[in-house]
J.: 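One structure, pasted below without further comment.
Chain letters run A, B, ... following the sequence lines, proteins first and then strands; every chain starts at 1.
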Amino acid sequence: MKLIHKFALGAMTAMAFAATPVLAEIRLGATVSETGPAAFLGDPEAKTLKLLVEKINAAGGLNGEKIELFLYDDGGDPNKARTFATRLVEDDEVQAIIGGTTTGTTMSIIPVAEEAKIPFISLAGAIEIVKPVKEWVFKTPHTDRMACEKIFTDMKKQGYTKIGLISGTDGFGASMRKQCLDVVASYGIEIVGDESYGPQDADMTPQLTNLKGKPGIQAIMNPGFGQGPSIVTRNYAQLGITLPFYQSHGVASNGFIDLAGKKAAEGVRLPGTALLVESILADSDPQKPVVAAYVADYKAKYNIAPTTFGGYAHDALAIYADAVKRAGSTEPKAVRDAIEATKGLIGTTGIVTMSKDDHLGLDLSAFRMLEIRDGGWKLAE
Amino acid sequence: MRLSEKHWTLLILIVLVALTPFFFPSSYYFRVGSLIFINGIAVTGIVILTGYAGQISLGHAGFAGIGAYTCALAPVHLGIHPALAVVLGAAISGALAWLVGRPILRLKGYYLAVASLGLGILVSMLLTNEAWLTRGPDGIDVPDPGLRDLFRAMGLGFSATEAWYVFNGFMLIVGAWLALNLYDSPTGRALRALHGSEIAARTVGVDVAGAKLTALVISAVYASVSGSLLALQNKFITPDVSGYMHSIEIVTMAVLGGAGSVLGAIFGAGILTMLPQVLTVFAEYEQILLGLVMMLVMIFMREGLLPSVLRLVRGRGE
């Protein structure tokens with residue numbers, strides 16, 4: 001068989017890397033978008049997975065068994081993600097998959113995991129991933145819908161009832177806009193202006209001018225991702241709009257403040273995770289120790305602070321490790337059941353309690369309402 | 001009896017498709033093989049357009065997108081069988097290519113490259129932005145055409161991946177066979193004539209614009225079918241399939257392997273499909289390596305990898 005294997009490799013112009021690794025006890029697969037348009041999400045995710053697997057192994061592994069991580073870069077291409085997922089299942093024979101940086105890549109990995117009957121923990125945002133609940137699929141980031149609800153809760157508290165929306169047409173922006181429109185009515189808030197921009201657009205002043213002129217408008221919200229929201233924020237300041245301005249969790253990183261500029265970003269509110277405001281969390285905060293340890297480890301290895309997105313990968317691995325410990329084995333079915341029974345697990349994004357009907361396990365308390373002040377983050381509640 | 005190049009090409013393809021599975025250690029290899037065939041089909045279309053007729057398109061992913069999304073949408077909204085949706089997608093792509101090509105191809109030069117570039121981007125934007133229909137950038141589910149059950153009914157117990165390998169391999173061979181037949185047909189001769197010199201071709205009575213239009217429509221149909229097969233196999237598709245990068249990828253595959261020969265272009269598709277899989281260990285350098293290979297091929301092997309290597313081998317033999 002070995003000979004045939006070798007020959008096959010030669011014949012197929014060496015389709016796979018020839019070195020057969022030593023079989024580890026726990027074989028964990030991951031495919032994330034380290035390069036490509038979603039690299040700023042996938043890169044910290046990959047770094048986090050490598051870091052934490054190293055750390056777990058140094059501490060003796062899980063149940064005394066070391067983890068071997070099979071990590072691939074799908075470049076944000078759903079078709080490639082599908083191929084790598086197949087490779088993880090068929091060739092590397094992994095016992096669980098973490099990954100799917102974007103909703104597109106996640107959706108194309110799901111059929112592979114479901115068919116192979118192994119747990120898959122996604123790192124992507126959309127609610128469709130876990131709704132309807134799929135037997136083998138879980139995810140760690142909060143949904144767009146929760147971000148909308150968090151923002152609308154804050155707006156309601158401030159007494160805003162007429163707001164404007166300016167959204168990106170990329171996957172994130174389009175999906176979040178839809179979710180926001182779905183839930184907005186139940187908060188007694190009316191959308192009086194609904195503008196959009198393309199992911200490559202360089203100027204959004206016309207859309208903002210339109211919104212500014214809407215009668216009775218009290219606040220503006222920008223569901224978006226990547227460079228778009230930074231440009232919107234800059235334009236917002238250039239036009240001298242004084243209405244309260246809300247961004248989404250999609251830009252909850254220091255990179256956003258750098259891109260938009262300290263001055264333009266002043267006063268912007270957005271929902272973010274505990275990870276982002278680690279240094280100003282109260283000592284009594286239950287998430288403080290977990291978040292502080294992750295930030296310290298990450299900084300020690302890579303010399304930069306981790307982002308929210310790396311936190312998603314942290315939580316995925318924490319959920320898996322916790323489940324393996326409780327199940328006492330790596331047998332996929334047992335681990336799946338254990339993941340579903342996750343209770344009170346403290347992650348960087350929130351405190352995770354899953355159930356048969358909830359494969360996400362986070363509620364609105366996982367989000368903190370943040371405000372940008374003097375180029376830094378402040379808790380707004 | 002000496003085999004013609006056409007028969008050689010088909011023989012090699014059939015042998016490769018039929019025999020390599022015996023060396024596959026896991027069904028993951030069937031998946032990669034199947035993707036090579038899908039790309040091979042799109043690239044065969046480029047051979048007809050670029051290799052035969054000398055026209056350049058930078059928007060063929062747009063047709064792949066039309067093929068893919070027709071398979072996703074038509075069975076749901078029109079209630080037709082997914083297999084029929086492949087045909088419908090091909091018809092829409094062909095019709096669109098005809099509409100765009102008719103005015104453009106009367107002109108000489110790079111107008112087609114620019115027009116197709118715009119067309120590809122338009123299709124991509126449409127698929128991304130019209131979320132009410134296409135469910136937007138996060139992608140859409142594609143119905144299962146029941147290929148596996150068909151094989152089961154024939155008494156062949158393939159897994160889904162194996163079934164697609166067999167089917168896509170068959171489609172590629174059929175596609176290659178048609179393209180090779182075209183080469184020797186009057187239309188093929190007309191295309192090669194206008195590739196050499198449009199003026200000379202016109203002088204001997206070739207309908208230059210008409211022949212170019214035929215090549216464009218045929219290659220659009222190939223791209224559309226490849227998009228359809230990808231969507232049906234993955235049972236899920238995102239607008240990335242129609243993206244600009246995919247257009248470039250298709251052309252790169254053809255040029256790398258040798259746009260003038262069907263086997264060469266399919267060879268190029270094979271290399272570029274496998275490369276990311278082989279290079280996972282140094283994923284960061286993948287783009288650099290790819291760029292380097294492209295540059296070297298363009299400088300030293302202008303006809304593409306396979307034809308140049310073959311010439312070298314033949315030259316030595318004589």
J.: Is the number of heavy atoms from other residues, nucleotides or ligands under 6.0 Å of B:Glu130 CD greater than 12?
T.: yes
J.: When rounded to the nearest 0.5 angstrom, what is the spacing between CG in A:Asp77 and CD in B:Glu249?
T.: 7.5 Å
J.: Examine whether an atom of B:Ile237 lies under 4.5 Å from a heavy atom of chain A, and if so say whether it belongs to the side chain, the backbone or both; otherwise answer neither.
T.: neither
J.: Looking at side-chain heavy atoms only, is the closest gap between B:Arg31 and A:Glu90 below 4.5 Å?
T.: no
J.: Go through the steps to decide whether B:Tyr29 and A:Asp91 satisfy the test side-chain contact (heavy atoms from CB on, under 4.5 Å), and finish with yes or no.
T.: CA-CA 9 Å; B:Tyr29 293 80; A:Asp91 223 40; 3.3 Å; yes
J.: Among A:Thr83, A:Thr106, A:Leu88, A:Thr102, which residue has the highest count of heavy-atom pairs closer than 4.5 Å to chain B?
T.: A:Thr83
J.: Is it true that, when you exclude B:Met245 itself, more than 12 heavy atoms of the residues, nucleotides or ligands shown sit nearer than 6.0 Å to its CE?
T.: no
J.: Taking A:Arg87 for the side chain and B:Gln277 for the main chain, is one N or O donor matched with an acceptor at less than 3.5 Å?
T.: yes
J.: Is the NZ atom of A:Lys178 crowded by more than 12 outside heavy atoms at less than 6.0 Å?
T.: no
J.: Please classify the contact between B:Thr238 and chain A as side chain, backbone, both or neither, with a heavy-atom cut-off of under 4.5 Å.
T.: side chain
J.: Check the surroundings of atom NZ in A:Lys301: do more than 12 heavy atoms from other residues, nucleotides or ligands lie under 6.0 Å from it?
T.: yes
J.: Tell me, do B:Lys235 and A:Pro111 make a side-chain contact under 4.5 Å, heavy atoms counted?
T.: no
J.: Does a donor on one side chain and an acceptor on the other come within less than 3.5 Å for B:Asn234 and A:Asn79?
T.: yes
J.: Quick one: OH on B:Tyr28 to CG on A:Asp92, what's the gap to the nearest 0.5 Å?
T.: 8.5 Å
J.: Please give me the minimum heavy-atom distance between A:Ser175 and B:Asp138, naming the atom from each residue.
T.: CB-OD2, 4.0 Å
J.: Nearest heavy-atom pair of B:Phe236 and A:Ser108: which atoms, and what distance?
T.: CD2-CB, 3.7 Å
J.: What part of B:Leu35 gets within 4.5 angstrom of chain A, counting heavy atoms only: side chain, backbone, both, or neither?
T.: side chain
J.: First locate atom CD1 of A:Ile110, then atom CG of B:Asp141, and finally report the distance between them rounded to the nearest 0.5 Å.
T.: 9.0 Å
